[in-house]
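Structure first, commentary second.
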Amino acid sequence: MRRKGERPLPVYLDSWSEDHPVARSIATGSWWFDAWMAQKSTPLDRLSRVTGIPQQRLLTLCQRDRVSLAEIDALARAWCVSAADLKASVPAELIVP
């Protein structure tokens, strides 16, 4: 919570690496979308509002559907991670142009 007149804190981008908590979660069997949702603690309704992706579509991503580059870009902005880093966490065969 901020007080009147206070400047907002800067938001830094997450950097993807092998020791990132999401990478460890994926390595232990979590689905990439579930791992990011758990790490960023983003409710589906808020994620839908911020990204413009309907909740039903987000639910299909939870059920291991393919993901488009536009959706990766929108999710990256919502989760404060670069699109390239988010793309690195998604299995390549699931990404459609």
Side-chain angles (χ1 to χ4, degrees):
M1 179 180 277
R2 286 185 17 219
R3 286 179 247 150
K4 184 177 178 180
E6 282 185 334
R7 294 183 184 194
L9 295 174
V11 179
Y12 299 102
L13 289 178
D14 252 349
S15 296
W16 178 257
S17 66
E18 290 183 16
D19 62 341
H20 190 277
V22 173
R24 284 182 275 160
S25 183
I26 291 171
T28 59
S30 292
W31 184 241
W32 72 269
F33 187 77
D34 296 334
W36 280 106
M37 287 283 289
Q39 176 66 25
K40 298 298 183 172
S41 302
T42 314
L44 274 179
D45 61 334
R46 182 173 185 277
L47 189 59
S48 178
R49 261 192 337 267
V50 172
T51 61
I53 302 171
Q55 283 190 27
Q56 290 302 317
R57 176 62 186 142
L58 293 173
L59 289 174
T60 61
L61 292 177
C62 289
Q63 297 169 355
R64 301 178 182 230
D65 194 18
R66 296 176 301 158
V67 63
S68 71
L69 292 175
E71 290 169 332
I72 288 176
D73 288 339
L75 291 168
R77 282 191 304 274
W79 287 331
C80 295
V81 63
S82 75
D85 284 351
L86 183 58
K87 188 176 174 182
S89 70
V90 180
E93 65 272 6
L94 295 178
I95 300 173
V96 293

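Atom set for the values below is all heavy atoms of this structure, side chains included, hydrogens, waters and symmetry mates excluded.
Screening residues 81-96 for side chain to side chain donor-acceptor pair (under 3.5 Å), with sequence neighbours left out, gives Trp36-Ser89, Ser82-Asp85. Pairs passing the salt bridge (Lys or Arg N to Asp or Glu O under 4.0 Å) check and including a residue from residues 32-42, sequence neighbours excluded, read Asp14-Lys40.
Taking both residues in full, the closest heavy atoms of Glu18 and Arg24 are given as O-CG, 4.3 Å, listed atom of the first, atom of the second, then distance. Residues Val11 and Cys80 share a closest heavy-atom pair of CG1-SG, 3.3 Å. Ile72 and Ala83 get closest at one heavy-atom pair: CG2-O, 3.9 Å. What you find for Ala23 and Ser17 is that their closest heavy atoms are CB-O, 3.3 Å. Heavy atoms only, all atoms of each residue included: Pro43 and Ser41 are closest at CD-O, 3.5 Å.
Under a 3.5 Å cut-off, the side chain of Thr60 and the backbone N or O of Arg57 do form a donor-acceptor pair. No donor-acceptor pair under 3.5 Å is formed between the side chain of Trp32 and the backbone N or O of Ala88.
Note on Val96: it does not cluster hydrophobically with Trp31, by side-chain heavy-atom contacts below 4.5 Å among ILVMFWY residues. Residues Leu44 and Leu86 fall within the same hydrophobic cluster, defined by Ile, Leu, Val, Met, Phe, Trp and Tyr side chains chained together at heavy-atom separations under 4.5 Å.
One distance of note links CZ of Arg64 with CG of Leu94; it measures 9.5 Å at 0.5 Å rounding.
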Show me the donor-acceptor pairs, under 3.5 Å and distance only, between side chains in residues 47-54 and residues at least two apart or in other chains.
{"unit_1": "Ser48", "atom_1": "OG", "unit_2": "Ile53", "atom_2": "O", "d": "2.7"}
{"unit_1": "Thr51", "atom_1": "OG1", "unit_2": "Leu47", "atom_2": "O", "d": "2.7"}
{"unit_1": "Thr51", "atom_1": "OG1", "unit_2": "Ile53", "atom_2": "N", "d": "3.1"}

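Contact annotation: the side chain of Leu61 approaches that of Leu75 to within less than 4.5 Å [non-hydrogen atoms, C-beta and beyond]. Looking at heavy atoms from C-beta onward, Leu58 lies in side-chain contact with Phe33 at the 4.5 angstrom threshold.
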